[in-house]
**Student:** 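Mind having a look at this structure? Questions to follow.
Lettering of chains follows the sequences in order, A, B, ..., and the numbering in each one begins at 1.
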There are 2 protein chains.
Amino acid sequence: MTGASTTDRGLPNATVARLPLYLRALTQLRATGSATCSSDQLAEATGVSSANVRKDLSHLGSHGTRGVGYDVAHLQAEIAQAIGQTQEWNVVLIGAGHLGKALAAYPGFASRGSRIVAVVDADPERVGERVVDGLAIESADELDAIIRDRAVSIAILATPTHAAQEVADRLVAAGVTSILNFAPVALRVPDGVDVRQVDVAAELQILAYHEQRKSSPREEAVSG
Amino acid sequence: MTGASTTDRGLPNATVARLPLYLRALTQLRATGSATCSSDQLAEATGVSSANVRKDLSHLGSHGTRGVGYDVAHLQAEIAQAIGQTQEWNVVLIGAGHLGKALAAYPGFASRGSRIVAVVDADPERVGERVVDGLAIESADELDAIIRDRAVSIAILATPTHAAQEVADRLVAAGVTSILNFAPVALRVPDGVDVRQVDVAAELQILAYHEQRKSSPREEAVSG
DNA sequence: CTGTGTGAACCTTTTCACAGCG
DNA sequence: CGCTGTGAAAAGGTTCACACAG
């Protein structure tokens with residue numbers, strides 16, 4: 001049965017995708033000293049409509065106060081709990097090319113619940129190279145050992161396209177159950193493994209579609 | 001009527017987001033010498049269901065042959081036309097940090113319809129530095145001139161978070177109407193400007209949510 | 001009087017099922 | 001037969017509008 005709906009028993013997928021945005025906004029609000037905030041403020045900070053914010057938060061069995069809003073610290077803790085940010089997640093990064101190195105150096109992961117515990121590359125020439133403080137490139141041969149020894153369940157795939165599927169297979173065999181894939185290819189993975197795709201060229205193509213329509217001579221015959 | 005400008009008169013948004021995937025798959029199929037392909041093959045190659053593939057292609061007024069499938073070359077041309085890949089789009093990249101440099105060096109843009117015509121950074125120390133063959137970092141002061149002189153309508157924003165909104169404002173003022181934003185902040189832009197957001201840390205947080213549920217003890221064993 | 005929480009309406013997207021063409 | 005194209009149904013998501021709590 002294909003009924004393994006993405007939602008299962010938890011939060012709606014669309015809501016899950018927005019919780020990180022709320023968390024980010026709440027962290028900022030907290031830094032500014034706000035003790036409470038309204039759904040309108042969260043809407044403003046995240047680009048989501050306020051009705052949508054309220055609906056999302058209501059899924060958490062939310063505890064807003066009518067006439068006042070939400071307690072920033074409390075809501076922050078609530079969301080952190082919901083999306084598993086009470087622990088740090090160990091992540092392995094595969095592929096130390098330009099993109100891999102950029103991701104390894106990105107400070108935004110640590111502050112948002114993920115820790116890159118290893119950077120791996122297939123090229124022996126790169127092994128040993130320091131990518132960032134405390135992280136040196138390791139051999140792809142070590143992949144299985146790294147995943148097992150360092151309790152890794154999430155991988156970032158930043159290899160060349162042609163290697164992506166093979167690496168994904170190895171990751172899954174070694175116990176990884178979530179992959180963030182930057183290679184422009186649809187990975188085949190077994191049920192129970194989550195893949196999220198980041199395809200930058202595709203994003204530009206989507207923007208190009210809209211650009212094309214904007215410069216189209218007259219398609220804009222909406223009510224005048 | 002609150003004009004929901006998302007669809008207007010063109011293709012459904014969800015379809016537009018998948019056309020680049022089909023295009024990629026068709027290019028590969030063509031390289032292998034296949035003259036035709038079925039919706040099942042495209043489904044396999046893209047991870048989209050075959051019914052969904054057919055529905056998407058039918059929006060293009062598609063020309064498949066029943067019992068046979070689609071003509072690969074023809075469909076490729078059809079999709080390229082629909083998403084504006086008959087021309088190259090000039091793109092400006094702002095921010096030449098780790099990520100900006102990685103994006104500038106990414107070969108996948110050129111082969112998929114976008115050309116980075118300038119890399120710009122606010123740091124005078126970086127100006128003049130060669131990021132890739134034929135591309136040197138230019139000063140952020142040149143931004144307006146670059147956008148106008150090089151017919152740029154799409155920008156990639158890879159600046160630090162705190163600078164993103166200000167840069168976006170300048171981009172819009174200079175005539176940019178599409179932004180691919182890597183800074184983890186919700187940009188405020190006027191109507192008519194499209195923003196697509198890439199938030200890598202948020203992607204990991206979404207994966208973490210699912211990881212948390214997987215390791216959760218309560219699991220309804222319905223698989224059969 | 002303010003702003004949450006929520007049923008109901010509305011819209012988008014996906015899936016199903018099958019008629020019909022080659 | 002195989003595979004497209006497509007109405008119809010189902011699922012998923014967003015917006016509306018307002019009762020109601022503080």
**Student:** Using only atom types and a distance under 3.5 Å, with no angle test, would you say the side chain of Arg170(B) pairs donor to acceptor with the backbone of Ala140(B)?
**Tutor:** yes

**Student:** Could you walk me through whether Asn13(B) and His210(A) satisfy the side chain to side chain contact (heavy atoms under 4.5 Å, CB included) test, starting with their C-alpha distance in whole Å, then the side-chain angles of each, then the deciding distance to 0.1 Å, before giving a yes or no?
**Tutor:** CA-CA 10 Å; Asn13(B) 270 333; His210(A) 293 293; 3.8 Å; yes

**Student:** Counting distance only, does the side-chain N/O of Tyr209(B) pair as donor-acceptor with the main-chain N or O of Leu11(A) below 3.5 Å?
**Tutor:** yes

**Student:** In whole angstrom, give the distance that lies between atom NE2 of His63(B) and atom C1' of dC21(C).
**Tutor:** 15 Å

**Student:** Decide yes or no for Ile83(B) and Gln212(A): does some side-chain heavy atom of the first lie under 4.5 Å from some side-chain heavy atom of the second?
**Tutor:** no

**Student:** Which residues satisfy the salt bridge (Lys or Arg N to Asp or Glu O under 4.0 Å) test with Arg115(A), sequence neighbours excluded?
**Tutor:** Glu88(A)

**Student:** Can you tell me if the side-chain N/O atoms of Ser39(A) get under 4.0 Å from OP1 or OP2 in dT4(C)?
**Tutor:** yes

**Student:** Whole angstroms only, please: what is the CG-P distance between Asn13(A) and dA11(D)?
**Tutor:** 16 Å

**Student:** Enumerate the ring-ring contact (aromatic ring centres under 6.0 Å, His included) contacts for residues 52-93 of chain A, please, sequence neighbours excluded, ordered by first and then second residue.
**Tutor:** His63(A)-His74(A)

**Student:** Name every residue in residues 40-57 of chain A that has at least one heavy atom under 4.0 Å from any atom of DNA chain D, in order of residue number, or write none if there are no such residues.
**Tutor:** Ser49(A), Asn52(A), Arg54(A), Lys55(A)

**Student:** So, Asp144(B) side chain and Arg148(B) main chain: donor-acceptor pair closer than 3.5 Å or not?
**Tutor:** no

**Student:** I need the CG-P distance between Leu75(B) and dT4(D), as an integer number of Å.
**Tutor:** 11 Å

**Student:** Given 3.5 Å as the limit, does a donor-acceptor pair link the side chain of Gln76(A) with the main chain of Arg24(A), or not?
**Tutor:** no

**Student:** Would you mind telling me which of dT14(C), dT4(D), dT4(C) lies closest to the side-chain atoms of Arg18(B)?
**Tutor:** dT14(C)

**Student:** Between protein and nucleic acid, restricted to nucleotides 19-22 of chain D and to nitrogen or oxygen atoms under 3.5 Å apart, what atom pairs and distances do you find?
**Tutor:**
from, atom 1, to, atom 2, distance (Å)
dC20(D), O2, Arg66(A), NH1, 3.3

**Student:** Is there a side-chain polar atom (N or O) of Tyr70(A) under 4.0 Å from OP1 or OP2 of dG5(C)?
**Tutor:** yes

**Student:** Between Gly64(B) and Ala14(A), name the one whose nearest nucleotide on DNA chain D is closer to the 5' end.
**Tutor:** Gly64(B)

**Student:** Show me the donor-acceptor pairs, under 3.5 Å and distance only, between side chains in residues 153-165 of chain B and residues at least two apart or in other chains.
**Tutor:**
from, atom 1, to, atom 2, distance (Å)
Ser153(B), OG, Glu211(A), OE1, 3.4
Gln165(B), OE1, Arg188(B), N, 2.8
Gln165(B), NE2, Asp169(B), OD1, 2.8
Gln165(B), NE2, Arg188(B), O, 3.1

**Student:** Decide, yes or no, whether a salt bridge links Arg213(B) with Asp194(A) under the criterion of side-chain N to carboxylate O below 4.0 Å.
**Tutor:** no

**Student:** Specify the residues of residues 19-27 of chain A, ordered by number, for which at least one heavy atom lies under 4.0 angstrom from an atom of DNA chain D.
**Tutor:** none

**Student:** Could you tell me if the side chain of Val53(A) sits less than 4.5 Å from the side chain of Tyr22(A), heavy atoms only?
**Tutor:** yes

